[in-house]
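Could you have a look at this structure, given as structure tokens, before my questions?
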There are 2 protein chains.
Amino acid sequence: MLIFSFVRRLLKSIVIFRLINSLKEMKKGNITIKDLARELNVSPSTISRALKDHPDISPETKKAVKELSEKLNYQPNSVALSLRQSKTNTIGVIIPEIAHFFFSAVISGIEDIAHNAGYHVIITQSNESIDREMMNTKALFNSRVDGILISISRETNQFNHLQQLIDAGTPVVFFDRVVESINACKVIVNDEQGAYEATTHLIEQGYYRIAHLAGPQNLTISNNRLNGFKAALADNKYMIDDNLIKICGLGTYEEAEAITNELLDYRFPPDAIFANNDVAAYGAMTAIKKRGMKIPEDIAIVGFSNWRFSSLIQPALSSVTQPGFKMGQEATRLLMKQINLGKDEEAITETISLKTNLVVRESSLKRPSEQV
Amino acid sequence: MLIFSFVRRLLKSIVIFRLINSLKEMKKGNITIKDLARELNVSPSTISRALKDHPDISPETKKAVKELSEKLNYQPNSVALSLRQSKTNTIGVIIPEIAHFFFSAVISGIEDIAHNAGYHVIITQSNESIDREMMNTKALFNSRVDGILISISRETNQFNHLQQLIDAGTPVVFFDRVVESINACKVIVNDEQGAYEATTHLIEQGYYRIAHLAGPQNLTISNNRLNGFKAALADNKYMIDDNLIKICGLGTYEEAEAITNELLDYRFPPDAIFANNDVAAYGAMTAIKKRGMKIPEDIAIVGFSNWRFSSLIQPALSSVTQPGFKMGQEATRLLMKQINLGKDEEAITETISLKTNLVVRESSLKRPSEQV
DNA sequence: AACGTGTTCGCAATCGTTTGCGGTGAAAAT
DNA sequence: ATTTTCACCGCAAACGATTGCGAACACGTT
């Protein structure tokens with residue numbers, strides 16, 4: 001018995017030595033189930049079963065397998081697994097830009113749910129380009145991700161690539177920037193309501209000539225915000241002056257600054273600006289400051305998205321917060337639901353609408369003395 | 001001939017009908033090479049060869065294959081390809097946090113090079129947690145990515161998981177937050193020089209009691225910045241007062257604010273602060289402002305990283321820029337070089353050091369009247 | 001007629017893992 | 001002594017694509 005054990009141990013160390021050697025030779029020598037099988041003189045099936053505590057395998061074999069696997073630090077090849085099971089346990093995300101606080105928050109929400117469900121997350125950026133977006137959808141499809149979360153790019157005005165994806169059976173959930181015409185799961189924030197509240201807030205503060213820096217109107221969210229803006233004006237018997245509604249197509253800081261300058265050049269410039277997003281708001285603030293005008297005394301500003309540093313700038317920027325983290329969570333939950341659907345079950349097409357929240361800071365407050 | 005053509009066309013449409021039908025049934029019915037083979041009555045090998053213009057295949061067959069493949073929108077299964085070729089054409093990235101302007105820039109740089117080389121990029125966040133980082137390395141390894149780019153977490157103080165990765169033959173390139181003790185490719189910025197220049201700048205502006213908000217000292221970058229700070233003081237014959245060097249371990253805004261308050265409580269508080277990063281600088285600014293002190297008149301501030309909004313806050317924050325995009329590019333180039341290495345070639349262990357650049361803004365400028 | 005040549009394609013193995021089914025041997029039941 | 005039972009394990013096919021090798025066939029050449 002002792003001798004046997006000794007011999008076995010000797011054999012094992014030789015085995016390990018041999019493996020390490022061949023590993024060095026092969027450079028990228030990842031241990032496979034076959035390696036374990038060869039060294040223990042059993043079949044690969046046995047290794048596979050032993051590693052997952054299949055009842056057909058004897059305790060001794062299991063022990064031996066597990067020990068060797070531990071010692072050689074065996075790691076199952078996910079690629080092979082994915083192929084075998086036609087399931088990658090991976091979901092893909094397509095967003096316009098990572099360097100965007102809102103989207104970063106969404107990603108964290110996505111990872112939160114996905115990781116707990118045992119999924120990996122592949123993130124891709126479209127960089128606001130439809131070509132890039134199409135490439136990404138194709139790449140994710142070819143990688144056979146189990147599902148896709150997408151917020152479309154600023155440029156996206158046709159949706160074949162997305163419809164194809166859905167037709168091929170890939171579960172898709174849209175978030176934030178959704179596509180109206182596609183029948184699928186969607187998670188949005190109530191942009192219209194957010195814009196309505198922001199505008200109402202400006203009205204309540206006593207501003208009467210309110211401009212809007214709008215986003216590109218092919219994006220539903222931009223359109224909704226514009227509608228909310230108009231609705232608030234209308235409900236308060238304010239006239240809607242199209243000259244005070246400017247579309248910022250690029251979404252850059254500089255563009256907003258230039259467009260704000262146009263507004264300020266009017267004979268009767270606005271006394272408040274509601275910006276489609278915080279970046280535009282920053283641009284507006286810059287233009288205003290450069291003219292020596294004061295915020296909010298001369299012009300009030302409200303933004304949208306509540307970037308991380310909106311509270312840090314001077315004056316602190318009022319903004320509509322979007323629940324990014326929660327949106328990521330909800331979108332991923334919907335996706336998981338779809339993925340786990342039986343083949344025969346009907347596809348679900350739920351739409352979740354999350355509430356926004358207006359955070360009032362200095363940039364939109366009339367001074368006490370000036371308040372009505 | 002005409003009849004033949006007609007029959008063939010008829011057959012084809014039936015074929016397609018059948019496929020579409022079975023596709024609907026199978027829900028996730030991705031077209032495979034076998035499907036094409038069955039419908040055209042050839043072997044899968046022929047399909048494979050036809051699709052890649054192998055000379056062994058007749059022009060007619062090629063044409064038929066390509067047409068059908070086009071019509072059914074055949075997309076090769078990347079998973080199967082990866083398994084077959086032991087190559088995933090994917091690289092993994094591990095960063096502490098996505099919601100960080102510097103890292104976002106790095107990612108864009110990475111994608112720039114990687115996409116051009118035909119690689120996908122998988123991004124994972126460690127959230128500054130070593131556990132998460134270990135999980136991510138394992139997950140990426142199991143996914144058999146062709147290489148990994150990593151910037152370690154704030155918590156990471158042991159490196160077994162990374163050494164194992166390298167020992168297993170996975171190409172790894174460290175960037176920004178590198179591990180000194182591991183022999184591998186690294187891309188860093190010259191933190192010491194950056195800190196040296198920032199500190200020298202403060203000295204030249206006439207500040208004489210300069211404090212430093214340092215980062216956790218297990219991070220080489222933090223340590224280098226501290227060293228640069230000290231070196232600048234020493235070279236200018238300034239004394240190094242350890243009371244003016246405070247370590248911010250968490251890296252949060254609030255922590256920096258609290259620690260700055262400690263500095264301000266001194267009988268002789270500092271008249272300038274060089275912060276290890278911009279977030280800490282923001283915290284310091286908040287603390288200073290809350291006391292009614294003025295920047296830079298009472299206290300000057302210089303940060304590190306040059307966040308996107310450092311130029312927007314009041315006063316605009318002087319900061320040391322790090323070339324994030326370029327860093328991502330360089331790191332990826334190094335990784336590509338490693339990946340394309342022959343099996344027998346010696347592993348490369350290059351270290352690239354990028355230059356920083358001090359951007360002087362209001363927060364560190366003595367007023368003209370007060371300047372020497 | 002036999003052989004050589006070239007074109008066009010299929011067979012089968014392979015990547016790493018899983019799994020239904022069948023096989024072996026020993027112990028237990030008849 | 002024969003059958004049944006059970007524990008334990010291996011065979012082989014499968015996931016989708018690639019590729020070395022050989023086969024079949026139609027030519028042209030001797």
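Protein chains get the first letters and strands the later ones, always in sequence-line order, with residue 1 at the start of each.
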| query | NA contact type, A/Ser45, heavy-atom cut-off 4.0 Å: base, sugar-phosphate, or nothing? | reply |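 Base: the residue A/Ser45, judged by heavy atoms under 4.0 Å, touches a nucleobase.
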The residue among B/Asp146, B/Thr170, B/Leu334, B/Asn89 that forms side-chain contact (heavy atoms from CB on, under 4.5 Å) with B/Ile339 is B/Asp146
message = I'd like to know if the side chain of B/Thr88 and the backbone of B/Arg144 have a donor-acceptor N/O pair within less than 3.5 Å.
response =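 Yes, because the side chain of B/Thr88 sits within donor-acceptor range (under 3.5 Å) of the backbone of B/Arg144.
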Between CG of A/Asp35 and P of C/dC15 the distance, given in whole Å, is 10 Å
Result for side chain to side chain donor-acceptor pair (under 3.5 Å) between B/Glu350 and one of B/Arg333, B/Lys337, B/Lys186 points to B/Lys337
Item to complete: Mind calculating the distance between CZ (A/Arg38) and C1' (C/dG16) to the nearest angstrom?
Response: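 Spelled out: CZ on A/Arg38 to C1' on C/dG16 is 13 Å.
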Rounded to the nearest 0.5 angstrom, the OG1-CD1 distance for B/Thr156 and B/Ile150 is 7.0 Å
Quiz item: Taking only N and O in the side chain of B/Ser43, is any of them less than 4.0 Å away from OP1 or OP2 of C/dG10?
Solution: yes
Of B/Glu60 and B/Ser86, the one whose closest nucleotide on DNA chain C sits nearer the 5' end is B/Glu60
Can you tell me the distance, in whole Å, between the CG atom of A/Leu36 and the P atom of D/dG10?
->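 Distance check: A/Leu36 CG to D/dG10 P gives 13 Å.
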*Look at atom NZ of B/Lys138 and say whether more than 12 heavy atoms of other residues, nucleotides or ligands are closer to it than 6.0 Å.*
no
Nearest-angstrom distance from the residue atom NZ of A/Lys87 to P of C/dG16
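Spelled out: NZ on A/Lys87 to P on C/dG16 is 23 Å.
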### Query
In whole angstrom, what separates B/Gln85's CD from D/dA17's P?
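These atoms are roughly 12 Å apart.
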To the nearest angstrom, the CG-P distance between B/Leu83 and C/dA13 comes to 17 Å
For this session: Please confirm whether the backbone N or O of B/Val145 pairs with a side-chain atom of B/Ser143, one donor and one acceptor, at under 3.5 Å?
Result: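 Checked: no pair found.
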Item to check | Any donor-acceptor N or O pair under 3.5 Å, side chains B/Ser45, B/Ser48 | outcome: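 Side chains of B/Ser45 and B/Ser48: no pair found under 3.5 Å.
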B/Lys34 side-chain N/O to D/dC15 phosphate OP1/OP2 under 4.0 Å | yes
| message | Strictly below 4.0 Å, N to O, side chains only: are A/Glu128 and A/Arg177 in salt-bridge contact? | response | yes
Contact check, residues 73-82 of chain B vs DNA chain C, heavy-atom distance under 4.0 Å, returns none
Margin query: Under 4.0 Å between a side-chain nitrogen and a carboxylate oxygen: does that hold for B/Glu67 and B/Lys63?
Written below: yes
Query raised in the report: Given atom NZ of A/Lys63 and atom P of D/dC8, what is their separation to the nearest angstrom?
Result: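 From A/Lys63 NZ to D/dC8 P: 16 Å.
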* Between residues 47-59 of chain B and DNA chain D, which residues have a heavy-atom gap below 4.0 Å? ->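 Residues of residues 47-59 of chain B that come under 4.0 Å of DNA chain D are, in numerical order, B/Ser48, B/Arg49, B/Lys52.
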Separation of D/dG10 atom P from A/Ile33 atom CD1, nearest Å, is 13 Å
